[in-house]
**Student:** 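Before we start, here is the structure in question, set down as structure tokens.
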Amino acid sequence: MPITVRDLVAMPHLNLTVLSDGGGLDGAVTWTHTSDIPEPWRWIADGELLMTNGACVPAAAAGQVELVKQLARRGCSGLAIGSEMYCPELTPEMLAASRRLHLPILAIAFPLPFVAISRAVAE
């Protein structure tokens with residue numbers, strides 16, 4: 001049985017914080033993908049958790065909503081954003097879209113290396 005987003009959040013050593021869930025925490029995580037390039041959904045497969053330092057998150061609400069819509073359309077299991085990095089402030093519109101589309105948004109506490117999450121999924 002694959003690990004879920006909820007399982008990852010429950011692992012104390014990962015120290016992940018749920019920013020928005022919309023009921024998507026029980027989605028299976030098949031793998032992790034790290035990207036900070038624009039339009040990261042082009043390289044996401046079904047069930048993958050996208051981890052980012054936030055550089056791919058647009059500052060404007062419309063761009064943030066589009067990011068969530070495209071990730072959900074591709075079947076992304078969630079968006080995990082590194083805290084204290086390069087992410088603009090998340091807008092209420094983005095968080096509402098994530099809840100509506102059941103795409104969890106998580107905060108990765110600094111300085112947790114992203115590979116720790118990848119290892120948890122792989123194990």
Side-chain angles (χ1 to χ4, degrees):
M1 180 151 176
I3 194 167
T4 66
V5 177
R6 184 181 308 279
D7 294 332
L8 291 173
V9 170
M11 294 180 180
H13 72 284
L14 296 180
N15 195 27
L16 298 171
T17 302
V18 178
L19 301 177
S20 177
D21 74 33
L25 292 177
D26 293 317
V29 179
T30 58
W31 200 244
T32 60
H33 184 85
T34 302
S35 182
D36 275 311
I37 60 175
E39 301 180 352
W41 58 83
R42 295 181 183 266
W43 294 271
I44 291 291
D46 190 45
E48 290 182 340
L49 175 72
L50 176 63
M51 300 180 296
T52 179
N53 283 321
C56 67
V57 178
Q64 290 184 4
V65 169
E66 183 66 14
L67 174 64
V68 168
K69 283 182 182 178
Q70 292 296 338
L71 290 174
R73 185 179 65 78
R74 293 291 299 206
C76 182
S77 62
L79 174 62
I81 304 169
S83 298
E84 300 179 43
M85 299 303 288
Y86 307 103
C87 190
E89 184 174 340
L90 302 183
T91 64
E93 293 87 350
M94 179 187 196
L95 298 175
S98 76
R99 289 189 295 274
R100 186 175 64 254
L101 296 169
H102 310 290
L103 180 83
I105 298 177
L106 310 175
I108 303 170
F110 182 82
L112 181 79
F114 289 5
V115 72
I117 300 168
S118 296
R119 285 183 180 136
V121 171
E123 292 172 356

**Student:** Considering all heavy atoms of both residues, which atom of Pro40 and which atom of Ser35 are nearest to each other, and what is their separation?
**Tutor:** CB-OG, 3.8 Å

**Student:** Running the 4.5 Å side-chain criterion over Ile, Leu, Val, Met, Phe, Trp and Tyr, what cluster does Met85 land in, apart from itself?
**Tutor:**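 Its cluster partners, ordered by chain and number, are Tyr86, Phe110.
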
**Student:** Would you say Ile117 and Met11 are hydrophobically clustered, going by side-chain heavy atoms of ILVMFWY under 4.5 Å?
**Tutor:**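 Per the 4.5 Å side-chain linkage, Ile117 and Met11 are co-clustered.
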
**Student:** Does any pair with a residue in residues 42-52 pass side chain to side chain donor-acceptor pair (under 3.5 Å), and if so which ones, sequence neighbours excluded?
**Tutor:** Asp36-Thr52, Glu39-Arg42

**Student:** Residues two or more places apart in sequence or in another chain: which of them pass side chain to side chain contact (heavy atoms under 4.5 Å, CB included) with Ala116?
**Tutor:**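 Testing Ala116 for side chain to side chain contact (heavy atoms under 4.5 Å, CB included), a comparison that skips the adjacent residues, returns Leu14, Leu112.
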
**Student:** To check you understand the geometry: which heavy-atom pair defines the closest contact between Ile37 and Cys56, and what is its length?
**Tutor:** O-CB, 3.2 Å

**Student:** Just to verify, what does Asp21 make a side chain to side chain donor-acceptor pair (under 3.5 Å) with, not counting sequence neighbours?
**Tutor:**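 With neighbours one apart ignored, the set is empty.
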
**Student:** So, Glu93 side chain and Ala60 main chain: donor-acceptor pair closer than 3.5 Å or not?
**Tutor:** no

**Student:** By the side chain to side chain donor-acceptor pair (under 3.5 Å) test, which pairs, at least two apart or in different chains, include something from residues 73-82?
**Tutor:** Gln70-Arg73

**Student:** Can you name the side chain to side chain donor-acceptor pair (under 3.5 Å) partners of Ser20, sequence neighbours left out?
**Tutor:** Ser98

**Student:** Please give me the minimum heavy-atom distance between Ala122 and Trp31, naming the atom from each residue.
**Tutor:**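 It is CB-CZ3, 4.0 Å.
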
**Student:** Can you confirm whether Gln64 sits close enough to Pro88 that some side-chain heavy atom of one is under 4.5 Å from a side-chain heavy atom of the other?
**Tutor:** yes

**Student:** Please list all pairs meeting side chain to side chain donor-acceptor pair (under 3.5 Å) that have one or both residues in residues 100-123, counting only residues at least two apart or in different chains.
**Tutor:** Thr32-Ser118

**Student:** I'd like to check Leu8 versus Leu49 (side-chain heavy atoms, cut-off strictly below 4.5 Å). Are they in contact?
**Tutor:**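 Touching, per the 4.5 Å side-chain cut-off.
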
**Student:** To which residues is Ile44 joined in a hydrophobic cluster, defined by side-chain heavy-atom contacts under 4.5 Å among Ile, Leu, Val, Met, Phe, Trp and Tyr, whether direct or through other members?
**Tutor:**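 Joined to Ile44, directly or through intermediates: Leu19, Trp41, Leu50, Val57, Leu67, Val68, Leu71, Leu79, Ile81, Leu90, Met94, Leu95, Leu101, Leu103, Ile105.
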
